[in-house]
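A short worksheet on the structure shown next.
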Amino acid sequence: MHRTLADDLARLPELLQSARDFAAGELTGLAARPVARPGGDPGRAPLPVEGAGADAALTRFAQRWAPGFSGSAGPRYLGFVTGGATPASITGDWLTSAYDQNLSGAAGSSAAALERETLAWLRELFGLGAEHSGAFVTGATVSNTVGLAIAREWLGERLGVDVSRAGAAALGPVDVLSGSPHSSVPKALSVLGIGRDRLRRVPLLPGNREAVDVAALDAALAGLDGRPAIVVANAGTVNTVDFDDLRAIAALKERYDFWLHVDAAFGAFAALSPAHAHLVAGLDLADSICVDLHKWLNVPYDAAVQFTRRQDLQVAVFHNASPYLGLPGGEPDFLHLTPENSRRLRALPAWFSLVAYGRDGHREIVERDVALARGLGEGIAALPALRLLAPVRLNVVCFTLAEEPTRERVDAVGGAVAASGEAFLTPTVYDGVPALRAAFSNWRTTEADTRRVLDALAAASAAL
């Protein structure tokens with residue numbers, strides 16, 4: 001084993017060149033390879049006893065595993081909300097591994113300062129004031145969890161309970177109100193000991209909207225008889241990219257005592273476009289905010305940020321009390337702000353991408369994706385076998401079969417599209433109707449890709 005490591009170290013430049021050539025071939029061929037690879041598992045091999053070296057590992061990977069990987073970084077992978085890594089962000093990500101910095105603390109490295117600079121840039125990008133501090137996390141689920149953990153501590157402050165010491169049970173029942181919460185919100189409530197059942201769905205605006213009815217929220221808050229609560233607002237819902245009226249919700253704080261958490265996982269990027277920035281007006285008024293970066297910033301997995309106005313409460317929740325780590329000071333180390341102690345320098349790919357393409361380059365990606373989504377929506381509306389379930393508000397197209405939209409028939413369309421290798425879509429249910437959704441957030445996607453997706457949908461739906 002030690003001989004193999006020594007040999008690999010001696011040949012490191014050649015090994016990295018081999019990996020670079022292989023990766024470049026995979027990336028340049030993204031547009032031509034199948035977008036999805038159903039049934040690509042080659043079976044499990046036994047654990048190697050003797051090391052074969054990095055060259056052999058690359059060869060074995062290329063033969064056994066690479067053919068089964070999806071084209072999720074490519075232009076026609078429209079499932080979930082999936083970005084594709086920009087060239088600059090890939091460069092940053094490779095250097096992240098090469099430098100292997102541990103962001104647990106700032107001692108002995110400028111890496112933490114680079115992350116703080118990146119957070120300041122992102123704060124400015126999304127129109128947030130200096131009152132908001134932030135930290136990098138893995139994705140929207142952890143970002144929502146961190147924001148709601150701070151909200152839980154705020155509830156304790158309001159009720160005279162030190163939750164970080166006494167536990168969530170000391171709060172008693174907690175009221176969490178939301179219109180169309182993402183599934184990561186009840187998951188976070190479960191993790192935090194608040195409980196999934198404490199999430200109360202507030203009525204939505206009429207007309208097949210996913211935005212909360214602010215008047216109904218007003219009434220729900222009034223019914224709490226002064227008990228402090230948590231309100232989870234949504235800036236970009238999963239099915240139809242609907243936006244809560246953040247300013248109107250924040251104005252309710254003049255009469256009611258609640259923590260305002262905004263899930264803006266990909267909707268926050270509307271702030272980059274002058275035509276759509278009004279959708280996130282009032283985002284700065286939130287007490288905590290979730291934003292995912294491996295979606296519309298197009299950096300590699302995994303990368304998200306969370307922002308909050310109450311870093312003091314965040315430290316109360318997440319500080320790590322150990323002599324060798326030190327106590328949190330005026331500018332706390334990141335290990336005192338999130339569930340992780342040790343973690344990689346997630347900010348570097350984002351830093352590279354922001355330097356390389358700037359605000360204008362990322363605005364162009366957002367605006368192009370929005371235009372492509374609308375184009376696909378118009379094409380779907382023109383197909384006799386399909387129908388739109390909601391207007392295309394931003395970058396997601398939600399649609400179903402024009403006749404007999406059963407789960408089986410809708411899944412058959414999605415499965416046929418995936419099997420064709422032309423595109424990948426994810427299923428959903430909207431207003432009780434089984435559906436498919438196409439989400440545009442990849443910097444590579446073009447009008448030609450949209451035409452190919454539409455052709456695949458036309459063929460799959462006509463074949464039923």
Side-chain angles (χ1 to χ4, degrees), residues 92 95-96 99-140 142-154 156-157 162-165 192 259-262 264 268 271 283-293 297 299 302-355 359:
L95 288 174
T96 298
Y99 279 106
D100 199 24
Q101 302 288 284
N102 180 0
L103 258 287
S104 61
S109 173
S110 63
L114 182 146
E115 186 148 310
R116 290 193 173 94
E117 177 174 270
T118 309
L119 287 164
W121 290 351
L122 292 168
R123 189 173 60 212
E124 181 180 347
L125 198 70
F126 300 130
L128 304 179
E131 299 83 4
H132 283 278
S133 62
F136 273 76
V137 291
T138 58
V142 176
S143 183
N144 278 329
T145 301
V146 170
L148 292 171
I150 305 169
R152 185 186 62 180
E153 197 70 15
W154 174 84
E157 182 181 72
D162 188 340
V163 179
S164 69
R165 294 184 178 277
L192 295 170
W259 177 277
L260 177 56
H261 174 77
V262 178
L283 183 64
D284 182 54
L285 301 173
D287 297 298
S288 57
I289 302 167
C290 157
V291 184
D292 223 338
L293 302 182
L297 195 68
V299 298
D302 50 38
V305 289
Q306 59 76 216
F307 293 102
T308 185
R309 291 175 170 273
R310 293 296 306 272
Q311 190 183 73
D312 59 323
L313 296 180
Q314 186 173 6
V315 170
V317 177
F318 293 107
H319 75 277
N320 194 321
S322 174
Y324 79 95
L325 295 173
L327 296 174
E331 192 169 44
D333 286 336
F334 289 113
L335 70 93
H336 298 299
L337 300 178
T338 72
E340 298 169 300
N341 268 17
S342 302
R343 65 169 173 85
R344 72 201 309 262
L345 177 57
R346 290 194 185 99
L348 192 54
W351 186 93
F352 262 79
S353 212
L354 290 170
V355 170
R359 181 194 296 271

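From a predicted model like this one, the values you see are computed outputs, not experimental measurements.
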Practice prompt. Please lay out, stage by stage, how Glu157 and Arg310 fare under the test salt bridge (Lys or Arg N to Asp or Glu O under 4.0 Å).
Written response: CA-CA 12 Å; Glu157 182 181 72; Arg310 293 296 306 272; 2.9 Å; yes
Discussion item. Please enumerate all residues that pass side chain to side chain contact (heavy atoms under 4.5 Å, CB included) together with Ala271, with sequence neighbours excluded.
Written reply: Val280
Discussion item. Listing request: all side chain to side chain donor-acceptor pair (under 3.5 Å) pairs with a residue in residues 120-130, at least two apart in sequence or in separate chains.
Written reply: none
Worksheet item: Can you tell if the side chain of Ile150 reaches within under 4.5 Å of the side chain of His261, non-hydrogen atoms only?
Response: no
Discussion item. Looking at every heavy atom in both Gly134 and Leu119, which two are closest together, and how far apart are they?
Written reply: O-CD1, 3.3 Å
Worksheet item: Got a second to check how far Leu95's CG is from Phe352's CZ, nearest 0.5 Å?
Response: 5.0 Å
Discussion item. Can you confirm whether Asn341 sits close enough to Asn320 that some side-chain heavy atom of one is under 4.5 Å from a side-chain heavy atom of the other?
Written reply: yes
Worksheet item: Who are the ring pair (Phe, Tyr, Trp, His ring centres under 6.0 Å) partners of Phe126, not counting sequence neighbours?
Response: Phe269
Response to the item:
In short, Leu103 meets Ala112 closest at the heavy-atom pair CD1-CA, 3.7 Å
Discussion item. Between Leu348 and Thr118, is there a side-chain heavy-atom distance shorter than 4.5 Å?
Written reply: no
Practice prompt. Could you name each residue pair satisfying salt bridge (charged side-chain N to carboxylate O under 4.0 Å, His left out) that touches residues 339-349, not counting sequence neighbours?
Written response: Asp93-Arg344, Glu115-Arg343, Asp302-Arg346, Glu340-Arg346
Worksheet item: Of all residues at least two apart in sequence or in a different chain, which pass the salt bridge (Lys or Arg N to Asp or Glu O under 4.0 Å) check with Asp284?
Response: Arg309
Item to complete: Quick one: pull up CG in Leu345 and CD in Gln101 and give me the separation to the nearest 0.5 Å.
Response: 7.0 Å
Item to complete: Using the test side chain to side chain contact (heavy atoms under 4.5 Å, CB included), find all partners of Glu331 that sit at least two apart in sequence or belong to another chain.
Response: Arg116
Worksheet item: Do the side chains of Thr338 and Val142 get nearer than 4.5 Å, heavy atoms only?
Response: no
Discussion item. Please find the pair of heavy atoms, one from Val317 and one from Ala149, that lie closest to each other, and give the distance.
Written reply: CG2-O, 3.7 Å
Worksheet item: Is there a donor-acceptor pair under 3.5 Å between the side chain of Asn102 and the backbone N or O of Ser104?
Response: yes
Worksheet item: Ignoring hydrogens and geometry, is there a side-chain-to-backbone donor-acceptor pair from Ser353 to Pro349 under 3.5 Å?
Response: no
Worksheet item: If you measure from NE2 on His319 to CG on Leu335, what distance do you get to the nearest 0.5 Å?
Response: 10.5 Å
Worksheet item: Between Leu337 and Val146, does a side-chain contact (heavy atoms from CB on, under 4.5 Å) hold up when you go through it step by step?
Response: CA-CA 9 Å; Leu337 300 178; Val146 170; over 6 Å; no
Item to complete: Would you indicate whether the side-chain heavy atoms of Val137 and Thr145 approach each other to under 4.5 Å?
Response: no
Worksheet item: Do the side-chain N and O atoms of Thr308 and Gln314 include a donor-acceptor pair separated by under 3.5 angstrom?
Response: no
Worksheet item: How long is the span from the OG1 atom in Thr138 to the CG atom in Asp292, to the nearest 0.5 Å?
Response: 8.5 Å
